[in-house]
Amino acid sequence: MESRRYGPNIIVTGTPGCGKSSTCELLKDELKGYKYYNISDFAKDNDCFEGYDEGRKSHIVDEDKLLDTLEPLMRQGNSIIDWHVNDVFPERLIDLVVVLRCDNSKLYSRLHARGYHDSKIEENLDAEIMGVVKQDAVDSYEPHIVVELQSDTKQDIVSNVARIIAWEKMWLEQHPDGVTNEYQGGRSDDEDDEENEDYEDDE
Ligand SMILES: Nc1ncnc2c1ncn2[C@@H]1O[C@H](COP(=O)(O)OP(=O)(O)OP(=O)(O)O)[C@@H](O)[C@H]1O
């Protein structure tokens, strides 16, 4: 497996409905040569589910299997990862965490338009109000690689993508020899050190 990557791995995360996929649609067109991973689809396509939660009507993702499958791909760098869960990836493989935020009334309209039942809408609205996804990112990665961007309007998508493109260019200039994929000590990010957890893929 690659020991160094010469292009950054970017996570685009946020509460379901905040605009991850819409943002990544534009971003992957602008970032040539990047691989895009919508983790909900990736988990399905690679049989990384460990069951189904009837109550929440969502699949349970097997984190270990997901990471075992994804790591060799992330080691190549130039990845865009789209998932509402962001705290499962080894820090050593992540270069930028974009946390999209959305005004609650807009998020309600989006989730309602999708036909989500009220309890699922309320659960996601509460998570957005509490900033759960942002907190997961801040707890899991160095603060300087976590960026919070508002995603209320179509114009926001355009300007957010422009900011990520500018960041990517700067990253390439600052890392002409790439960065290591290997664990360098410090905060433990070796998945073996963390208790096994399964994640709800309750998109
Ligand atoms: N910045 C935005 N401005 C206007 N509409 C938006 C914006 N972002 C997303 N939307 C709309 O909200 C809906 C949900 O967007 P999207 O699927 O990108 O969210 P998501 O975060 O990927 O959701 P999920 O995690 O459930 O896949 C879509 O109808 C999309 O057009």
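All ligand and atom numbering here is 1-based and tracks the order in the structure. Values in this document were obtained by computation on a predicted structure and should not be read as measured data.
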*Any idea which atoms of ligand 1 are less than 4.0 Å away from a heavy-atom of Lys20?*
18 (O), 19 (O), 20 (P), 21 (O), 22 (O), 23 (O), 24 (P), 25 (O)
_Contact with ligand 1 for Ser151, non-hydrogen, under 4.0 angstrom_ = yes
_Thr23-ligand 1 polar pair, N/O distance under 3.5 Å_ = no
_Test log, rule side-chain contact (heavy atoms from CB on, under 4.5 Å), inputs His175 and Asp95_ = CA-CA 11 Å; His175 304 92; Asp95 302 293; over 6 Å; no
*With a 4.0 Å cut-off on heavy atoms, does Arg114 reach ligand 1?*
yes
*Would you call the rings of His59 and Phe49 parallel, tilted or perpendicular if under 30° counts as parallel and over 60° as perpendicular?*
parallel
_Using a 3.5 Å cut-off on N or O atoms only, is Pro16 in polar contact with ligand 1?_
no
*Glu122, CD atom: more than 12 neighbouring heavy atoms under 6.0 Å*: no
*At a 4.0 Å threshold, what atoms of ligand 1 neighbour a non-hydrogen atom of Lys154?*
3 (N), 4 (C), 5 (N), 31 (O)
_For Asp45, all residues meeting side-chain contact (heavy atoms from CB on, under 4.5 Å), sequence neighbours excluded_ = Asp41
*asked:* Quick check against the 3.5 Å criterion: does Asn181 have a side-chain atom that pairs as donor or acceptor with the backbone of Arg75?
replied: yes
*To which of Thr13, Thr153, Asp156 does the heavy atom nearest atom 1 (N) of ligand 1 belong?*
Thr153
*Under 4.0 Å, heavy atoms only, figure out whether ligand 1 is touched by the backbone of Asp82, its side chain, both or neither.*
neither
_Does atom CZ (Arg4) have a neighbourhood of more than 12 heavy atoms from anything else shown, all under 6.0 Å?_
yes
_Numbered atoms of ligand 1 (with element) below 4.0 Å of Ser21, judged on heavy atoms_ = 18 (O), 20 (P), 22 (O), 27 (O)
*Where the closest heavy atom to atom 13 (C) of ligand 1 is concerned, which of Gln155, Arg110, Lys106, Gln150 has it?*
Arg110
*Is the shortest N/O to N/O distance between Ile157 and ligand 1 below 3.5 Å?*
no
*Does His84 have a non-hydrogen atom less than 4.0 Å from ligand 1?*
no
_Out of all atoms in ligand 1, which are within 4.0 Å of some heavy atom of Asp152? Include the element for each._
1 (N), 2 (C), 3 (N), 4 (C)
*Looking just at side-chain N and O atoms, do Asp53 and Ser58 make a donor-acceptor pair shorter than 3.5 Å?*
no
*asked:* I'd like to know whether Asn86 forms a side-chain contact (heavy atoms from CB on, under 4.5 Å) with Val133, so could you lay out the CA-CA distance, the side-chain angles of the two residues, the decisive distance to 0.1 Å, and finally the verdict.
replied: CA-CA 7 Å; Asn86 62 66; Val133 174; 3.4 Å; yes
*Under the 4.5 Å side-chain heavy-atom rule for ILVMFWY, direct or indirect, which residues accompany Val147?*
Ile10, Val12, Leu26, Leu27, Leu31, Tyr34, Tyr36, Ile80, Leu96, Val98, Leu100, Leu149, Ile157, Val158, Val161, Ile164, Ile165, Trp167, Met170, Trp171, Leu172, Val179
